[in-house]
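Accompanying notes for the structure given below.
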Amino acid sequence: MDLHFDGTVPVESGAVDLDLAWAGGMNSPQIGELDLDQDGLMDLIVFDRIGDRIMTLLNSGGTGTNRYHLTRAYEHIWPFRALHDWALFRDYDCDGLMDIFSYSQAGFSVYRNTSDNGMLSFELLVFRTECDYVFTDGTFQRSNLFVSADDLPGIVDVDGDGDLDVLTFSQLGTFLEYYKNLSMETYGTCDSLTYVRRNACWGRFAENTSTNAVTLNVDCPFNVPAPEIGPSPEGHASGAESDRAEAHAGSTITPLDLDGNGVMDLLLGDIAYTNLVALTNGGTVDNSLMTAEDTQFPSTDVPVDLPIFPAGFHLDVDGDGHRDLLVCASARGLAQNIESVWYYHNAGTDLQPDFEYQQRDLFQNRMLDFGEGANPVPFDHNGDGLMDLIVSNEGYYHPSGNYMGKLALLENIGTSTSPAFRLVTDDYMNLSTSGIGTSMYPAFADLDGDGDKDMYIGDLQGRLHFYRNTATGPVAQFTLVQPNVAYSNGTEIDVGRQATPQFIDLDRDGLSDLVIGEQNGNLNYLRNTGTAASASWTLITDSLGHVRTVTPYTLGHSVPFIFSNADGAYEILVGSESGTLWHYTGIDGNLEGTWTLQDSSFLDIDEGFRATLCLHDYTGDGELDLVVGNFAGGLGFWRSDAEVGIRSVGGAAAMSIRPNPSSGMVEVVLPEAMVSSRVTLIVRNALGQEVMHSSADPGITSLDLSRFGPGVYTIHATGIDDLPPVRVVIQ
């Protein structure tokens with residue numbers, strides 16, 4: 001199966017054409033600038049901390065936010081898929097190329113941008129950045145520069161000397177610490193990361209331990225000697241700190257000059273609040289002092305009110321030469337998930353900004369975004385012969401904290417060979433009022449023998465609900481006839497959390513059986529032991545095919561889609577929490593045995609955390625097309641023909657690993673047509689650290705990864721253009 005991502009399949013919502021329809025949605029995005037295609041224009045790279053997902057938007061030139069267009073050509077670039085928790089894009093070495101600062105163990109890694117000759121590339125400069133941690137008595141010890149996984153630090157040139165400093169909240173308190181970069185002082189260049197703790201209470205303010213209230217002009221008895229301007233202390237002893245405040249849960253830090261006086265002011269977001277607090281620095285570069293606060297920033301316009309944990313990003317998003325402000329949701333849950341990118345245009349200058357509110361759904365208003373989760377299911381709702389899509393979700397944000405689950409209808413208004421979709425409703429059959437709640441997942445089959453398809457809905461608790469199609473015409477109309485469907489013995493069906501059903505005649509007896517995924521990553525097989533007019537369910541096994549989509553870092557969340565291949569034999573793709581698709585064969589005649597795992601990362605497609613999927617020949621070429629959903633609430637369309645494609649995946653031009661998963665020994669198969677000389681295989685662990693490299697020839701190269709222990713590893717072949725890395729699971 002050769003599939004190509006196609007972001008051009010038309011989708012309309014009302015009178016609006018969604019030109020970013022298949023971008024995949026956004027929940028808690030962190031937005032930065034990066035020249036992806038090396039054309040001199042800054043593109044946008046979006047890192048979503050929910051699912052650690054990367055989205056890339058190419059800058060086509062001109063001005064305005066509509067100049068950005070979706071591309072999938074760069075998402076496989078290392079280390080994008082290895083980034084987690086937070087990622088900020090900054091040019092630390094002043095070479096004009098944006099480098100990456102991203103969370104690692106109690107601190108951050110730095111990846112240097114090594115792009116050359118038009119090819120985007122990075123190298124790991126340091127896995128965990130260190131500093132001289134100075135104590136109150138002037139002694140210091142070498143340690144990691146602490147930044148939590150939840151916070152967003154301020155990485156900016158605080159003192160105006162040309163290198164990047166760091167502002168971050170202390171590990172135990174509510175005071176902002178300043179880590180000065182001594183690169184310029186030590187080497188006369190900005191290309192080093194030489195940090196020393198030079199102020200334990202930068203700005204002389206404190207954030208309350210239980211609220212986002214700020215106290216200005218506080219005492220700091222535990223500060224370092226001569227904060228900010230004194231000579232570097234000598235000695236290596238670990239001195240004792242004075243009493244500290246209690247730990248604060250999490251904050252986002254955006255340093256910027258709000259009033260043009262040449263010193264850094266701050267925008268602070270708090271993990272439990274909806275506003276940004278602006279702090280005005282009335283001090284100097286060498287003696288910071290916050291003298292005023294604006295708790296309704298920007299009080300001159302529409303204040304930020306973004307549930308919850310807002311984070312500010314200061315960048316020129318509209319191409320007018322002045323940096324604007326984007327405010328995004330930063331929480332991992334209970335946050336706004338369809339209006340989570342507030343855009344403030346800078347109507348002033350870069351030195352004295354004037355932020356004017358524009359919208360609260362930048363880019364999201366141009367894409368399909370169903371909140372948290374997107375589960376595509378094919379269903380021809382109006383009987384016109386064109387397959388539509390029903391898309392369920394985990395839920396939409398609600399101010400009460402109780403998410404609202406819905407089904408959406410994407411009606412196919414194209415042709416049998418050229419699909420196009422229209423978003424008809426985001427609450428199909430008004431199921432948000434059904435009482436089922438969040439995490440609804442539909443499946444369709446004719447269960448009463450009347451010639452039309454009825455509907456089962458799986459729910460969060462692992463139960464099923466039967467809706468009969470009572471329509472008198474071709475357009476489906478569903479009526480609830482049996483909540484909490486039972487087995488043939490009368491016991492209510494309960495397969496465990498997150499029931500994801502699919503109807504399929506698994507035993508080929510002419511009746512639709514049920515295969516149901518669940519949170520634990522296994523598959524349940526419920527055989528239909530009734531008749532064509534009256535289904536009856538018998539649990540055969542909760543370990544069908546011994547499928548289990550669990551990895552060392554995920555629960556599983558299996559979502560099955562069984563299909564027939566060109567020979568009529570069954571195969572299955574299973575969506576997973578890890579974001580990859582698991583591919584199994586060996587199903588027919590083996591319903592009680594173990595199916596053959598072909599790949600746990602099918603065609604290296606990874607649309608993001610909690611992948612779901614469906615297959616249908618939307619392009620009419622006799623091959624199945626693929627629609628993939630993810631937890632960010634969006635969809636990706638992968639077509640089976642070669643008319644359109646940003647990046648070809650699979651086929652002869654791909655690297656494969658077998659077996660996958662493995663107990664340790666793997667074979668790496670390189671496409672001979674793409675390899676003209678020996679190349680190097682680089683193996684990295686889930687933290688992005690290189691653990692092994694080995695020379696390789698075209699054909700098969702064996703690697704023993706057993707000594708590195710269980711986990712997910714990425715293998716990259718250097719020297720082969722456009723060959724994406726492949727992940728392998730070692731069990």
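Just so you know, residue 1 is the first one in the sequence shown, and it goes up from there.
By the salt bridge (charged side-chain N to carboxylate O under 4.0 Å, His left out) test, Asp426 is found to be paired with Lys406, residues two or more places apart in sequence or in another chain being considered. Residues forming a ring-ring contact (aromatic ring centres under 6.0 Å, His included) with Phe466 (at least two apart in sequence, or on another chain): Tyr456. With sequence neighbours left out, Arg463 forms a salt bridge (charged side-chain N to carboxylate O under 4.0 Å, His left out) with Asp459. Here Asp513 pairs with nothing under the salt bridge (charged side-chain N to carboxylate O under 4.0 Å, His left out) rule; sequence neighbours left out. For Glu339, the salt bridge (charged side-chain N to carboxylate O under 4.0 Å, His left out) criterion is met by no residue, not counting sequence neighbours.
Within the 3.5 Å criterion, the main-chain N or O of Ala476 finds no donor-acceptor partner in the side chain of Asp452. With hydrogens and angles disregarded, no donor-acceptor distance shorter than 3.5 Å links the side chain of Asp542 to the backbone of Asn522. In this structure a side-chain-to-backbone donor-acceptor pair under 3.5 Å is missing from Glu372 to Asn337. Remark: side-chain polar atoms of Trp582 are not paired, donor with acceptor, to backbone N or O of Ser576 under 3.5 angstrom. Judged purely by atom type and a 3.5 angstrom limit, Ser558 uses its side chain to pair as donor or acceptor with the backbone of Glu518. Side-chain atoms of Ser102 come within 3.5 Å of backbone N or O of Trp86 as a donor-acceptor pair. In this structure, Gln30 contributes its side chain and Arg49 its backbone to no donor-acceptor pair below 3.5 Å.
Here the CG-CG distance, from Asp567 to Asn565, works out to 5.0 Å after rounding to the nearest 0.5 Å. Interatomic distance, Tyr487 OH to Leu526 CG, rounded to the nearest 0.5 Å: 4.5 Å. One finds the CZ atom of Arg639 at 12.5 Å from the CG atom of Asp2 (value rounded to the nearest 0.5 Å). For the atom pair CE of Met26 and CZ of Phe363, the computed distance is 7.0 Å after rounding to the nearest 0.5 Å. Of the inter-residue distances, the one linking Leu464 atom CG with Asn484 atom CG reads 9.0 Å to the nearest 0.5 angstrom. From Ile504, atom CD1 reaches atom OG of Ser564 across 6.0 Å, with rounding to the nearest 0.5 Å.
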key: From CA spacing to verdict: side chain to side chain contact (heavy atoms under 4.5 Å, CB included), Phe47, Leu83   = CA-CA 8 Å; Phe47 172 79; Leu83 305 178; 3.9 Å; yes
message = Let's go through Arg332 and Ser28 carefully: what are the C-alpha distance in whole Å and the side-chain angles of both, what is the deciding distance for side-chain hydrogen bond (donor to acceptor under 3.5 Å, both in side chains) to 0.1 Å, and is it a yes or a no?
response = CA-CA 7 Å; Arg332 301 177 193 274; Ser28 294; over 6 Å; no
task = Go through the steps for Glu592 and Thr541 under the test side-chain hydrogen bond (donor to acceptor under 3.5 Å, both in side chains), then give the verdict.
result = CA-CA 8 Å; Glu592 297 180 0; Thr541 179; over 6 Å; no
ask   = After noting the C-alpha distance and the side-chain angles of Glu607 and Phe5, does the key distance pass the side chain to side chain contact (heavy atoms under 4.5 Å, CB included) rule?
value = CA-CA 11 Å; Glu607 291 275 351; Phe5 176 77; 4.2 Å; yes
CA sep, side-chain torsions, deciding dist, call: Asp52, Tyr103, side chain to side chain contact (heavy atoms under 4.5 Å, CB included) = CA-CA 11 Å; Asp52 300 328; Tyr103 178 76; over 6 Å; no
request  = Let me see the working for Tyr584 and Leu523 under side chain to side chain contact (heavy atoms under 4.5 Å, CB included), right down to the final yes or no.
outcome  = CA-CA 12 Å; Tyr584 291 84; Leu523 298 180; over 6 Å; no
message = Please determine whether side-chain hydrogen bond (donor to acceptor under 3.5 Å, both in side chains) holds for the pair Thr529 and Thr538, giving the CA-CA distance in whole Å, both sets of side-chain angles, and the decisive distance to 0.1 Å.
response = CA-CA 7 Å; Thr529 54; Thr538 301; 3.0 Å; yes
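Minimum heavy-atom separation, Asp48 to Ala632: OD2-CB, 4.1 Å. Taking all atoms of both residues into account, the shortest heavy-atom contact from Leu480 to Tyr467 is N-CD2, 3.4 Å. The shortest heavy-atom contact between Ala23 and Leu70 is CA-CD2, 3.6 Å. Shortest non-hydrogen contact noted between Cys328 and Val341 is SG-CG1, 4.1 Å. When all heavy atoms are compared, the tightest approach of Tyr441 to Leu613 is OH-O, 4.3 Å. Across all their heavy atoms, Phe444 and Pro378 have their closest contact at CD1-O, 4.2 Å.
Taking the six-membered ring where tryptophan is involved, the planes of His583 and Phe602 are perpendicular, since the angle between them exceeds 60° and thus also 30°. The aromatic rings of Trp537 and Phe503 sit tilted, their planes meeting at an angle between 30° and 60°.
Taking the charged nitrogens against the carboxylate oxygens, Asp450 and Arg468 have no contact shorter than 4.0 Å, which rules out a salt bridge. Taking 4.0 Å as the cut-off between side-chain N and carboxylate O, Lys453 and Asp380 do not count as a salt-bridged pair. With respect to the salt-bridge test (charged N to carboxylate O, under 4.0 angstrom), the residues Asp388 and Arg422 do not qualify.
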List the atom pairs, donor and acceptor, that lie under 3.5 Å between side-chain atoms in residues 491-498 and the rest of the protein, sequence neighbours left out.
from: Thr491; atom 1: OG1; to: Asn489; atom 2: OD1; distance (Å): 3.3
from: Asp494; atom 1: OD1; to: Gly496; atom 2: N; distance (Å): 3.1
from: Gln498; atom 1: NE2; to: Glu394; atom 2: OE1; distance (Å): 3.4

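In this structure, the ring of His616 has its center less than 6.0 angstrom from the ring center of Tyr618.
Residue-environment remark: CD (Gln482) exceeds the threshold of 12 foreign heavy atoms within 6.0 Å.
With contacts defined as side-chain heavy-atom distances shorter than 4.5 Å, the pair Asp621/Ser640 qualifies. Looking at Met455 and Val377, their side chains never come closer than 4.5 Å, going by heavy atoms from C-beta outward.
There is no side-chain donor-acceptor pair under 3.5 Å between Ser512 and Asn528. A donor-acceptor contact under 3.5 angstrom links the side chains of Thr470 and Thr479, judged on distance only.
Remark: Arg508 is positioned above the aromatic ring of Tyr570, its terminal NZ or CZ atom under 6.0 angstrom from the ring centre and at most 45 degrees off the axis.
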